[in-house]
Amino acid sequence: MLTEARAKTPWLREGTSVPQQQTVRDFAKSRSRALKDIERRLPMRQRAGMPRHKKKREALPTLNYTTRGFRLKDGRLHLAGNIVLTVVWSRELSAAPSSVPVYRDAMGHWWASFVVTTELQPLPGTGAVLGVDWGVKETATTTSDAHDLPHAEHGRKTQATLSRYDRMMARRKPKKGRAASKGYREAKKWRAKTYAKIARQRQDTARKWAKSVVRGHDAVAVEDFRPKFLAKTTMARKAADAAIGATKQALIEMGRKHGRDIRLVHPAHTTMGCASCGARTKHALPLSERTYTCTACAAVSPRDKNSARVMLVRAGLIPAGVEGARPLGALLPEAA
């Protein structure tokens, strides 16, 4: 079908067929995965979504070149269609790449991400375990005070700068059907640059914290928290600034890289249960109540610390039950 379409469509024929074929394959893979999850009747939060159409003016260009569509020669990247690029390498490749996605970011910079096979880098055993509870007041509260991750507030610190760029764009916003002015494009570029810096800061904080956690613990019980619903609440801005999803993903990837046991715990009722005796309160605790008091055993502890210990109990790392734990493989793309 692609061959017939290229023969009839001039603008499609002008591009090389390698990334076009890969786009069709990616679409088919994504759609079949979504249909498979529907047939299995998985819960909505665990299903892979159906692929959606991208608008040309809103979506950033992305091209994926497979093995026969690129080659590396003398430190330069040769792409199909007689495209030769001089690459600024961030680090040396550990193995021969199997594919290379080439994409452009919001600032107009082009990036090449080489896909290579990596090996596990196991760390020596420590015999220690850790429970992690996510939150907004603190990004991560753990059973060890030394590994608590406070809210870095990278977005709040640059809010004044972002608001200034937003006002600049609002004053220079072009009328419908007219081209944007140079001042509007410059303000848009500065705003995108600031957002990229915030994203890098969040990612750097998450990776450093995940590295310290993985180095010091053989097994980690992590709350399988999905912060998407917080975007519809009054805590949306602070929750986004906390970057819980990025931090959780960094911990999972770091644990997989170093061969650590990362156990995901279902978040239901984790704030209502007692880590000491397993009793559960009859009502949900309001966010203003930061101290957990068990009515059965009279144990008193900070609310988040109690939840972090509940993660260890539910994950089976403390011999008091394994309720709510699920394997890490359920998050991998092959199992989604």
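None of these values were measured; they are calculated from a predicted model. These numbers come from the heavy atoms of this one structure, side chains and all, not from hydrogens, waters or symmetry mates.
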*Looking at side-chain heavy atoms only, is the closest gap between His147 and Ser212 below 4.5 Å?*
yes

*Just by distance, do the side chain of Arg185 and the backbone of Ala180 share a donor-acceptor pair under 3.5 Å?*
yes

*side-chain contact (heavy atoms from CB on, under 4.5 Å) evaluation trace for Val132 with Leu130*: CA-CA 7 Å; Val132 180; Leu130 188 73; 4.2 Å; yes

_If hydrophobic clusters are built by linking Ile, Leu, Val, Met, Phe, Trp and Tyr wherever their side-chain heavy atoms come under 4.5 Å apart, do Val100 and Val116 end up in the same one?_
yes

*Distance from Gln21 atom CD to Arg68 atom CZ, nearest 0.5 Å?*
5.0 Å

_Just so I know, are the side chains of Val129 and Asp218 near enough to count as touching, which here means a heavy-atom distance under 4.5 Å?_
no

*Does any non-hydrogen side-chain atom of Trp134 lie less than 4.5 Å from one of Thr247?*
yes

_To the closest 0.5 Å, what do you measure between OG (Ser98) and CZ (Phe114)?_
11.0 Å

*Could you go through the side-chain contact (heavy atoms from CB on, under 4.5 Å) check for Leu317 and Arg263 one step at a time?*
CA-CA 9 Å; Leu317 300 179; Arg263 303 190 183 184; 3.5 Å; yes

*asked:* Give me the atom names and distance for the closest heavy-atom approach of Ala206 to Ala250.
replied: CB-CB, 4.0 Å

*Could you state whether Val310 and Val213 fall into the same hydrophobic cluster, counting links through intermediate Ile, Leu, Val, Met, Phe, Trp or Tyr residues with side-chain heavy atoms under 4.5 angstrom apart?*
no

*Could you state the interatomic distance from CZ (Arg104) to OG1 (Thr62), rounded to the nearest 0.5 Å?*
9.5 Å

*asked:* Do Ser144 and His217 pair up side chain to side chain, a donor and an acceptor below 3.5 Å, judged on atom types alone?
replied: no

*With distance as the sole test, does Asp74 use its side chain to make a donor-acceptor pair with the main-chain N or O of Arg76 at under 3.5 Å?*
no

*Does Leu2 belong to the same Ile/Leu/Val/Met/Phe/Trp/Tyr cluster as Trp11, with side-chain heavy atoms less than 4.5 Å apart forming each link?*
yes

*asked:* Could you measure the distance from the CG atom of Asp133 to the CD atom of Glu138? Nearest 0.5 Å is fine.
replied: 10.0 Å

*asked:* Closer than 3.5 angstrom, by distance alone: can the side chain of Arg6 be matched with the main-chain N or O of Leu12 as a donor-acceptor pair?
replied: yes

*Decide yes or no for Tyr103 and Leu60: does some side-chain heavy atom of the first lie under 4.5 Å from some side-chain heavy atom of the second?*
no

*asked:* Can you confirm whether Met168 sits close enough to Lys188 that some side-chain heavy atom of one is under 4.5 Å from a side-chain heavy atom of the other?
replied: no

*Within a strict 4.5 Å, meaning less than it, do heavy atoms of the Leu85 and Leu79 side chains meet?*
yes

*Determine, step by step, whether Met50 and Arg31 satisfy the side-chain contact (heavy atoms from CB on, under 4.5 Å) criterion, reporting the C-alpha distance in whole Å, the side-chain angles of both residues, the deciding distance to 0.1 Å, and the verdict.*
CA-CA 6 Å; Met50 293 288 289; Arg31 189 173 186 275; 3.8 Å; yes

_I need the minimum non-hydrogen distance between Ala80 and Tyr65, along with the two atoms involved._
N-CE2, 4.1 Å

*asked:* Do Arg47 and Ile38 have side chains that approach each other closer than 4.5 Å (heavy atoms only, starting at C-beta)?
replied: yes

*Is the count of non-hydrogen atoms from other residues, nucleotides or ligands lying under 6.0 Å from Arg13 atom CZ greater than 12?*
yes

*asked:* If we ignore hydrogens and angles and just use 3.5 Å, is the side chain of Thr158 paired with the main-chain N or O of Gly155 as donor and acceptor?
replied: yes

*Could you tell me whether Arg202 and Asp241 make a salt bridge, using a distance below 4.0 angstrom between a side-chain N and a carboxylate O?*
yes

*Taking atom types as modelled, is there a side-chain donor on Thr141 or Asp148 under 3.5 Å from an acceptor on the other?*
no

*Between Gln201, Lys208, Arg200, which is the residue that forms a side chain to side chain donor-acceptor pair (under 3.5 Å) with Asp204?*
Lys208

*Does the ring centre of Tyr195 sit less than 6.0 Å away from the ring centre of Trp190?*
no

*Between Asp145 and Lys305, does a salt bridge (charged side-chain N to carboxylate O under 4.0 Å, His left out) hold up when you go through it step by step?*
CA-CA 9 Å; Asp145 294 338; Lys305 289 291 183 180; 2.6 Å; yes

*Rounded to the nearest 0.5 Å, how far does CD of Glu119 lie from OG1 of Thr117?*
9.0 Å

_Keeping Ser30 on the side-chain end and Asp26 on the backbone end, is there a donor-acceptor pair under 3.5 Å?_
no

_Regarding Gln159 and Arg156, do their side chains bring together a donor and an acceptor under 3.5 Å, going by distance alone?_
no

*Audit row: Lys248, Asp224, salt bridge (charged side-chain N to carboxylate O under 4.0 Å, His left out) steps and yes/no*: CA-CA 9 Å; Lys248 172 188 168 186; Asp224 191 12; 2.7 Å; yes

*Is there a chain of hydrophobic side chains (I, L, V, M, F, W, Y, each step under 4.5 Å between heavy atoms) that links Ile198 to Trp209?*
no

*Do you know the tightest heavy-atom contact between His258 and Val214?*
CB-CG1, 3.9 Å

_Pair His154-Lys197, side-chain donor/acceptor within less than 3.5 Å_ = no

_If I compare all heavy atoms of Pro97 with all of Leu72, which pair ends up nearest, and what's the gap?_
CG-CD1, 4.2 Å

*At their closest point, which heavy atom of Phe27 faces which heavy atom of Pro51, and how far apart are they?*
CE1-CG, 3.6 Å

*In terms of hydrophobic clustering (I, L, V, M, F, W, Y; side-chain heavy atoms under 4.5 Å; direct or indirect links), are Tyr184 and Tyr165 co-clustered?*
no

*May I have the step-by-step check of side-chain contact (heavy atoms from CB on, under 4.5 Å) for Thr16 and Ile83, ending in yes or no?*
CA-CA 10 Å; Thr16 177; Ile83 302 175; over 6 Å; no

_Between NZ on residue Lys29 and CZ on residue Arg25, distance to nearest 0.5 Å_ = 11.5 Å

*Write down the atom of Pro61, the atom of Trp110, and the distance for their closest heavy-atom approach.*
CG-CH2, 3.8 Å

*Decide yes or no for Val18 and Thr66: does some side-chain heavy atom of the first lie under 4.5 Å from some side-chain heavy atom of the second?*
yes

*Show your reasoning for whether side chain to side chain donor-acceptor pair (under 3.5 Å) applies to Arg215 and Thr126.*
CA-CA 8 Å; Arg215 281 177 175 173; Thr126 62; over 6 Å; no

